[in-house]
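Below, chain A is the first sequence line, B the second, and so on; all start at residue 1.
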Number of protein chains: 2
Amino acid sequence: MRKIPTSQIENPSPAIAQKQEQILQGAIRVFLQEGYARTSMDRVSAEAGVSKQTIYSHFQDKEGLFKALIERLTIACFQSIFCIEKLQGDPAILLRQVAKIYLTKVADNPDYLALLRLIIAESQNFPELAKLYTQTVVQRGRQILSQYFASHPELGISDPEAMAHIFFGSLVSYIIVQEMLYGKELISLSRDRLVDSLMNLVISQSKNIQ
Amino acid sequence: MRKIPTSQIENPSPAIAQKQEQILQGAIRVFLQEGYARTSMDRVSAEAGVSKQTIYSHFQDKEGLFKALIERLTIACFQSIFCIEKLQGDPAILLRQVAKIYLTKVADNPDYLALLRLIIAESQNFPELAKLYTQTVVQRGRQILSQYFASHPELGISDPEAMAHIFFGSLVSYIIVQEMLYGKELISLSRDRLVDSLMNLVISQSKNIQ
DNA sequence: GTCTATACTAAGATAGAC
DNA sequence: GTCTATCTTAGTATAGAC
C-alpha cells in the first residue's frame, strides 16, 4: 500500500481508513474550534488519540490535513442541506421549507457554522477551499432556487438569478450577523419574521402581474 | 506622561501620538493581510519602521495592539459608509444610492473588506470586537434603513426591521460571496442587477396597497 | 504502522545600553 | 523613549526504536 499524500484516497484498507477517520475526527474538532493557525499538531494528536507521527504518515503536512478535512466537511455540509434535489410544490410552502432547512442545518449545527467561519477566515490562504465551498454549497443553493423561480413564471420574477441571490443571501447574512457576530444579542429578529418577510417579497411580485 | 496600556488614549503628546500612529499604520497592513495568529510582532515592527520594544511601550501586548487597531478601523469604516446621516428623498433613487455607497465603500476598499473578514475570523476569540462591529456598522445600517422604511408607509412594508435586514443583508452576503469567496469567478452577478432586483422588490410591495 | 524522543525554527515578550 | 540583543516557549516536522 502506497503512502497517501493528499486527500485523494484510493481503495485504502479498512485498517488504514479507520485510522484516517480517527485522525480526521480529532482534527475536525480542533481546527473548527481554534482555526488553522492556532491549531497545533500536538493538540490534534492528543484529540485524535494517536501519535503525531501517525498523522504525518497519513497526511503530508498540516496543510494537507486541513485541506482533506475541509473538503470532507464541505461535501457533508452540502449533502446535509440539499437532501432534496428537486424543488416542487406550492411556492408559499416550499420556499418557507427551503429557508427553514438551510437555517436549521447550518445555524443550529456548530460544525457547519464553524466551517463557514473558517472558509471565510482562510479564504486568502486557501482560495481553492473557498472556491470549493462557494461552488458546492452557495452556488448550488442559488442554482436550485434560481431554477425554481425560472420555472414558475406565475411568480413574476424578472431576474431569477438575482432573486435567488437575495433569497439565499439573506439567509447567509442572517446566519453570519445574528449567529456569528452576536447580532441576536443586540436586536432580536426571529427566523420566522425573516422568512415571513422574504415570503411576502416573493409573493408580492406575483400579484403585480395578475 | 503615564504609560498607555490600552487603546484608551487621553491627551497624548504630539510626539507620542505620532509614534502610535506610525505603529498602527504598519500594524494595520500586516494584520489585515495575515490575520491575527499569522501576524508576528517582528513583522509589525519592520513594517512600521520601529523596534519591537517601542511597540510594547505603546501597547500592552499583541492583543492590545490588535484591539486598538480593529476599534479604530471599525470607527473609520462606519464614518466612511454613513457620511450621510439622514435619509430623505424618493425611495427609488435614495435606496439605490444607499446600496451603491455601501458596495463601493466596502467592496472596493481592500482594507474594509479585510476588516470584515478579520472580524468574522476572530469572532470567537474576540467577541467584543465582533459586537462592536455589529453594533457600529451592521446595526446602524439596518437601523437607518428600518427607520426610513417605517417613515414611508406608502412603501407598504409590513415589517421594516426585517426588510432592512433583507436589504442590507443582501449587500453583505454579496460582498462576502462574490468578493471574498470568489463567487464572481463562478457566476457573474453584477451589482446593478442585484440592486435592480432589490429595488423591484421594495417598489412592488408598494404597488399592492394602491 | 505506530510510538517516543528530538532537531530546528519562529514567535511573544523582556533586559539593559544609550 | 527608543534601540539591540536575548530569553523562553511552543510548534512543525523528522529520526529511530519496536
Side-chain angles (χ1 to χ4, degrees), chain A residues 1-7 9-27 29-31 33-70 122 125-126, chain B residues 1-7 9-27 29-31 33-70 122 125-126:
Chain A
M1 205 63 193
R2 68 178 186 84
K3 204 175 161 189
I4 298 154
T6 71
S7 60
I9 303 161
E10 30 181 294
N11 304 328
S13 77
I16 288 181
Q18 195 242 331
K19 268 284 182 222
Q20 277 211 353
E21 191 56 36
Q22 191 180 338
I23 294 168
L24 282 172
Q25 286 306 319
R29 285 195 294 275
V30 185
F31 276 107
Q33 178 66 36
E34 306 288 338
Y36 180 80
R38 272 182 242 255
T39 292
S40 76
M41 296 298 267
D42 281 305
R43 176 81 190 283
V44 172
S45 77
E47 197 76 23
V50 299
S51 78
K52 235 183 345 180
Q53 182 65 350
T54 303
I55 300 176
Y56 280 99
S57 73
H58 284 271
F59 299 91
Q60 198 174 26
D61 52 14
K62 190 182 173 182
E63 278 197 23
L65 174 61
F66 183 66
K67 286 178 187 171
L69 171 163
I70 294 292
E122 297 297 328
N125 301 99
F126 299 93
Chain B
M1 204 64 194
R2 71 176 185 80
K3 202 174 160 191
I4 297 154
T6 72
S7 60
I9 303 160
E10 27 179 297
N11 305 327
S13 77
I16 289 180
Q18 195 241 330
K19 267 284 182 222
Q20 278 212 352
E21 191 55 37
Q22 191 181 337
I23 294 168
L24 282 172
Q25 287 307 319
R29 286 194 293 276
V30 186
F31 276 108
Q33 178 66 36
E34 306 287 338
Y36 180 80
R38 270 182 242 255
T39 292
S40 75
M41 295 299 267
D42 281 305
R43 174 83 190 281
V44 171
S45 76
E47 197 77 23
V50 299
S51 76
K52 223 166 23 161
Q53 182 64 355
T54 303
I55 300 176
Y56 279 99
S57 72
H58 283 273
F59 299 92
Q60 201 174 23
D61 53 13
K62 189 182 175 184
E63 278 198 22
L65 173 60
F66 183 66
K67 286 178 187 171
L69 173 162
I70 294 293
E122 295 297 329
N125 301 100
F126 298 93

Have a look at A:T39 and say if it touches a base, only the backbone sugar-phosphate, or nothing, with a 4.0 Å heavy-atom cut-off.
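Result for A:T39 = sugar-phosphate.
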Under 4.0 angstrom, heavy atoms only, what part of the nucleic acid is B:S40 near: base, sugar-phosphate, or nothing?
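Sugar-phosphate only.
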Check nucleotides 16-18 of chain D against the protein and report each pair of N or O atoms closer than 3.5 Å, with its distance, or say if there are none.
none

Apply side-chain contact (heavy atoms from CB on, under 4.5 Å) to A:A37 and list each qualifying residue two or more places apart in sequence or on a separate chain.
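So A:A37 forms a side-chain contact (heavy atoms from CB on, under 4.5 Å) with B:A37, B:R38.
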Could you work out, with side-chain contact (heavy atoms from CB on, under 4.5 Å) as the rule, every residue matching B:Q33, not counting sequence neighbours?
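Residues passing side-chain contact (heavy atoms from CB on, under 4.5 Å) with B:Q33: A:Q124.
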Euclidean distance, atom [atom1] of residue [X] to atom [atom2] of [N] [Å, nearest integer]:
X     : N      : atom1 : atom2 : value
B:Y56 : D:dC7  : OH    : P     : 17 Å
B:E34 : C:dA11 : CD    : C1'   : 14 Å
B:R43 : C:dT9  : CZ    : P     : 21 Å
A:K52 : C:dT6  : NZ    : C1'   : 10 Å
A:R38 : C:dG12 : CZ    : C1'   : 14 Å
B:K62 : C:dT14 : NZ    : P     : 15 Å
B:D61 : C:dA13 : CG    : P     : 5 Å
A:F59 : D:dA13 : CZ    : C1'   : 16 Å

Assign the ring pair A:F31 / A:Y36 to parallel, tilted or perpendicular, where the plane angle (0 to 90°) is split at 30° and 60°.
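Ring orientation of A:F31 relative to A:Y36: parallel.
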Distance-minimising heavy-atom pair for A:V50 and A:K19
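Nearest heavy atoms, A:V50 then A:K19: CG1-NZ, 3.8 Å.
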[X]: which residues meet the side chain to side chain donor-acceptor pair (under 3.5 Å) condition with it, sequence neighbours left out?
X     : value
B:S51 : B:T54
B:T39 : none
B:K52 : B:D42

May I ask you to verify if any side-chain N or O of A:H58 is less than 4.0 angstrom from the OP1 or OP2 atom of C:dG1?
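Answer is no, no contact under 4.0 Å.
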Side-chain N or O of A:T54 closer than 4.0 Å to phosphate OP1/OP2 of C:dC3
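Yes, such a contact exists.
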